[in-house]
Amino acid sequence: MTPGSETVAPKTSTMTKVFYATTLTGTRTQIGYVQSISEFITTPQEIKYSALDIEDERMAKGKREANAPEIPFLYTESQWDELRAVETAGTDVYVFFQLPESTANTSGSPVVFYFKASLAVSMDAIEIDNMLQSKVKFYRSTAISESKGFPTAA
């Protein structure tokens with residue numbers, strides 16, 4: 001064996017898995033892993049108000065500002081092909097972020113965050129533990145929801 005040609009399986013058990021589907025409860029396809037997501041769910045903006053009978057301004061919780069998070073993805077070559085196909089289609093799909101199994105109170109039901117969005121992929125493409133990395137930007141068209149395990153038909 002030539003030094004440096006060893007194949008090492010990626011260490012993915014502690015990563016959040018990312019899937020997509022064309023319907024909420026349809027067949028899901030895994031499109032990568034994420035190690036961290038910053039500013040995924042932001043706090044609502046504040047609204048200042050005052051009145052003549054109070055001497056200072058007050059604040060109330062407003063709406064969440066729209067954002068398009070750009071998240072570093074790790075993926076295999078076949079997952080890259082799926083990512084590019086979703087991007088090229090240019091349609092909204094359901095995106096699911098399944099937290100690692102080790103974070104679940106009940107086996108088989110880790111928290112899953114999901115929303116509908118279109119996406120765009122950047123070309124960082126570097127190798128980490130036999131995986132590729134790029135940034136994926138999500139243009140959300142629905143609110144972020146969560147469930148224990150994947151959502152099921154009501």
Side-chain angles (χ1 to χ4, degrees), residues 1-46 61-154:
M1 184 179 288
T2 307
S5 66
E6 302 86 9
T7 301
V8 178
K11 297 170 184 71
T12 59
S13 63
T14 60
M15 292 186 202
T16 296
K17 295 178 183 175
V18 186
F19 299 83
Y20 86 93
T22 55
T23 63
L24 183 61
T25 58
T27 303
R28 290 175 296 280
T29 303
Q30 187 175 352
I31 53 174
Y33 299 90
V34 294
Q35 291 180 312
S36 68
I37 303 172
S38 61
E39 300 270 340
F40 184 58
I41 299 175
T42 58
T43 57
Q45 292 184 324
E46 66 276 355
K61 183 169 63 170
K63 295 193 179 258
R64 295 182 196 275
E65 185 177 285
N67 67 343
E70 189 172 57
I71 302 170
F73 261 46
L74 296 169
Y75 50 84
T76 62
E77 183 180 357
S78 61
Q79 291 169 335
W80 167 255
D81 293 341
E82 284 289 337
L83 268 171
R84 293 290 291 157
V86 172
E87 177 185 33
T88 302
T91 58
D92 282 4
V93 294
Y94 285 94
V95 179
F96 305 89
F97 289 87
Q98 180 187 40
L99 298 184
E101 179 68 35
S102 61
T103 65
N105 287 336
T106 305
S107 180
S109 296
V111 172
V112 175
F113 294 100
Y114 59 95
F115 53 88
K116 201 167 186 183
S118 61
L119 56 91
V121 183
S122 71
M123 291 298 293
D124 288 347
I126 60 172
E127 189 172 340
I128 296 178
D129 288 338
N130 290 325
M131 298 185 86
L132 304 171
Q133 179 176 348
S134 287
K135 290 183 181 171
V136 179
K137 186 172 266 197
F138 294 93
Y139 301 95
R140 285 190 306 110
S141 60
T142 64
I144 298 172
S145 299
E146 67 179 83
S147 62
K148 304 274 176 134
F150 287 103
T152 58

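Here, residue 1 is the first one in the sequence, and each next residue gets the next number. Hydrogens, waters and symmetry mates play no part in the numbers below; they use all other heavy atoms, side chains included.
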Non-hydrogen atoms of Pro110 and Thr103 that approach each other most closely = CB-OG1, 4.2 Å
key: Test item: Ser134 side-chain N/O and Val121 main-chain N/O as donor-acceptor pair under 3.5 Å   = no
ask   = Out of Tyr33, Tyr114, Tyr94, Phe150, which one pairs with Phe19 under the ring-ring contact (aromatic ring centres under 6.0 Å, His included) rule?
value = Phe150
task = Report yes if the side chains of Pro72 and Gln35 come closer than 4.5 Å at any heavy-atom pair, otherwise no.
result = no
key: Phe96 CZ to Ile31 CD1 distance, which is reported to the nearest 0.5 Å   = 10.5 Å
key: Minimum heavy-atom distance Tyr75-Gly32, with the two atoms named   = CB-CA, 4.1 Å
request  = Taking all heavy atoms of Ala21 and all of Gly26, pick out the closest pair and write down the distance.
outcome  = CB-O, 4.2 Å
query = At their closest point, which heavy atom of Arg140 faces which heavy atom of Ala117, and how far apart are they?
reply = CA-CB, 3.7 Å
message = With a 4.5 Å cut-off on side-chain heavy atoms, are Thr106 and Lys148 touching?
response = no
Side chain proximity check, Val34 to Val18, heavy atoms < 4.5 angstrom = yes
task = With rounding to the nearest 0.5 Å, note down the distance linking CD in Gln79 to OG1 in Thr29.
result = 10.0 Å
inquiry  = Can you tell me how far apart CG (Leu99) and CE (Met15) are? Round to the nearest 0.5 Å.
reply    = 14.0 Å
ask   = Are Pro100 and Thr16 close enough that some pair of their side-chain heavy atoms sits under 4.5 Å apart?
value = yes
ask   = Distance from Ser118 atom OG to Lys137 atom NZ, nearest 0.5 Å?
value = 11.5 Å
message = Ring-plane angle category for Phe115 and Phe97, please: parallel below 30°, perpendicular beyond 60°, tilted otherwise.
response = parallel
query = Are Tyr20 and Glu82 side-chain neighbours, meaning at least one heavy-atom pair lies under 4.5 Å?
reply = yes
message = Measuring from atom CG of Leu83 to atom CG of Leu119, what distance do you get when rounded to the nearest 0.5 angstrom?
response = 6.5 Å
ask   = Which value, rounded to the nearest 0.5 Å, describes the distance between Thr23 atom OG1 and Arg28 atom CZ?
value = 9.0 Å
